[in-house]
Asker: 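Just dropping this structure here.
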Amino acid sequence: MTIRERDKKHLWHPLKQHQLHPESLAIVKAKNCVLTDENGNEYIDAIASWYTCMYGHCNDYIIEKTHRQMQQLDQVMFSDFTHEPAVKLSEELIKILPKGQDKIFFNDNGSTAVEAGIKMALQYYFNHGEKRSTFIAFENGFHGDTFGAMSVSGLSIYNGPFEDFLIDVKRIATPNATNIEEIKNQLKKYSLENKIAGFIYEPLVQGAAGMKIHDAEGLNTILKICKSNNILTIADEVMTGFGKTGRYFASDYIDTKPDIMCLSKALTAGLIPMAITSCSQKIYDRFLSHEMAKGFFHCHTYSANPVACAAAIAGIELLTSSEIQENINKIAKSHARFSQRIKAHPKVKASRHLGVIFALDLNTKMPRYGDLRDQLLSFFMERGVFLRPLGNTIYLQPPYTISNKQLEQIYKVIEASLTIL
Ligand SMILES: *Cc1c(COP(=O)(O)O)cnc(C)c1O
């Protein structure tokens with residue numbers, strides 16, 4: 001029996017309606033930008049396996065560093081102990097994080113990084129004897145699948161069964177030149193109630209919404225209003241972090257820096273799940289007290305796993321190398337040229353790009369999941385490219401190590417796909 005056949009007996013996949021889509025492709029190998037299935041077919045991983053493997057799959061340097069760490073110290077409880085990989089990672093991260101991030105708190109995935117950020121904000125006020133229970137978030141944002149993260153996510157099409165259990169959230173539109181005055185008025189109204197604990201946002205690019213890009217200046221205006229009204233700001237950089245936008249973090253494009261940041265996905269270069277919620281000294285200090293209960297009692301068993309920390313340190317070394325920085329620039333320029341080339345196509349409604357992120361919206365109505373989407377996905381796969389359309393958006397976010405030839409192959413396959421619409 002093939003892996004694909006054996007899979008169906010016991011496995012339940014995420015984001016899948018098994019009755020409609022019983023099949024899953026079995027991948028047996030990954031190297032740099034190429035995935036190989038059990039029949040030996042190869043696919044370029046044009047979205048770096050959900051934006052994680054940004055330095056290429058099975059990167060020799062990352063493997064060497066984590067292998068060495070595995071032989072030295074595999075796992076130890078982080079509430080009672082500390083270790084060199086966690087300390088070193090905190091030092092290296094603080095060097096590249098936006099100004100104002102001083103403390104590093106470990107989680108194990110993007111959703112729990114957001115969950116911890118939300119809890120930090122709530123307890124920040126609670127510790128001060130203030131009850132603030134509401135958050136502000138963007139429409140169509142995505143922040144994860146645990147309850148707090150689900151609550152602040154605006155992409156609520158799949159939250160139906162859980163809606164009665166979510167925390168209170170006020171929604172604002174993402175800023176553009178025409179709506180900023182309206183957003184300012186909304187924010188002023190909300191802040192008068194003194195109930196808002198924080199504003200959570202994906203800076204500049206909303207990933208799950210279809211790589212929608214918004215205005216940096218408008219976002220800066222929103223952040224300034226939050227700061228002046230004592231509303232904590234939480235940047236969810238789970239997707240945008242570690243070079244995707246052409247800077248280390250999307251927040252680097254914005255003058256007003258966040259109080260709290262959520263990091264995961266590319267943090268560990270795709271090797272081991274881990275996440276971080278970082279924050280300013282001001283937040284951390286609010287939890288210092290002679291009372292135990294004012295501490296932050298949020299913990300995940302594998303917090304700061306040493307092997308994951310080693311992968312993250314190696315990832316940062318690669319990210320900050322001139323070679324990777326040059327590659328990011330090269331990919332950004334290449335996307336810009338492709339955008340020019342494809343923009344005028346009658347089947348293309350819009351295209352956008354920032355750093356290694358590129359997206360185009362098809363000039364056609366298409367449900368997020370549906371026949372046309374499945375057809376496109378098969379079209380790409382049959383031509384050796386793994387791309388995962390979101391609604392009518394085709395997007396790519398290739399590993400930084402992708403070659404010019406592979407990039408051109410992706411662009412060509414996208415262009416060819418427009419003829420089947
Ligand atoms: C993927 C993602 C999350 C959730 O991360 P998981 O590791 O899947 O829980 C949260 N926020 C953003 C912006 C993401 O892209």
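Ligands are counted one by one from 1 in listed order, and the atoms in each one are counted from 1 as well.
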Asker: Tell me which part of Phe142 gets within contact of ligand 1: side chain, backbone, both or neither, using heavy atoms under 4.0 Å.
Answerer: both

Asker: Tell me: protein heavy atom nearest atom 12 (C) of ligand 1, and distance?
Answerer: Asp236 OD2, 3.4 Å

Asker: Compute the shortest N/O to N/O distance between Tyr51 and ligand 1 and return yes if it is under 3.5 Å, no if not.
Answerer: no

Asker: Checking side chain to side chain donor-acceptor pair (under 3.5 Å) between Arg68 and each of Gln72, Glu64, Gln71, which is the one that passes?
Answerer: Glu64

Asker: To which protein heavy atom is atom 6 (P) of ligand 1 closest, and what is the distance rounded to 0.1 Å?
Answerer: Gly110 N, 3.5 Å

Asker: Looking at Lys184 and Glu181, is there a salt bridge between them, counting it only when a charged N and a carboxylate O are closer than 4.0 Å?
Answerer: yes

Asker: Quick test of your reading of the model: are Lys31 and Asp45 salt-bridged, counting only N-O distances below 4.0 Å?
Answerer: no

Asker: Hey, is Glu237 one of the residues with a heavy atom under 4.0 angstrom from ligand 1?
Answerer: no

Asker: Would a distance-only check, ignoring hydrogens and angles, find a side-chain to backbone donor-acceptor pair under 3.5 Å from Ser334 to Lys330?
Answerer: no

Asker: For the NZ atom on Lys131, are there more than 12 heavy atoms of other groups (residues, nucleotides or ligands in this structure) within a distance under 6.0 Å?
Answerer: no

Asker: Check whether the ring centres of Phe380 and Tyr43 lie less than 6.0 Å apart, and answer yes or no.
Answerer: no

Asker: Would you mind checking if Lys195 and Asp168 are paired as a salt bridge, meaning a charged N to carboxylate O distance below 4.0 Å?
Answerer: no

Asker: Using distance alone, decide if ligand 1 has a nitrogen or oxygen within less than 3.5 Å of any nitrogen or oxygen in Lys265.
Answerer: yes

Asker: Under the 4.0 Å line, does any protein heavy atom show up next to atom 8 (O) of ligand 1?
Answerer: no

Asker: May I ask which of Met239, Glu115, His143 has a heavy atom nearer to atom 10 (C) of ligand 1 than the others do?
Answerer: His143

Asker: Please determine if Val114 has a nitrogen or oxygen closer than 3.5 Å to a nitrogen or oxygen of ligand 1.
Answerer: no

Asker: Using distance alone, determine whether Ser111 and ligand 1 share an N or O pair under 3.5 Å.
Answerer: yes

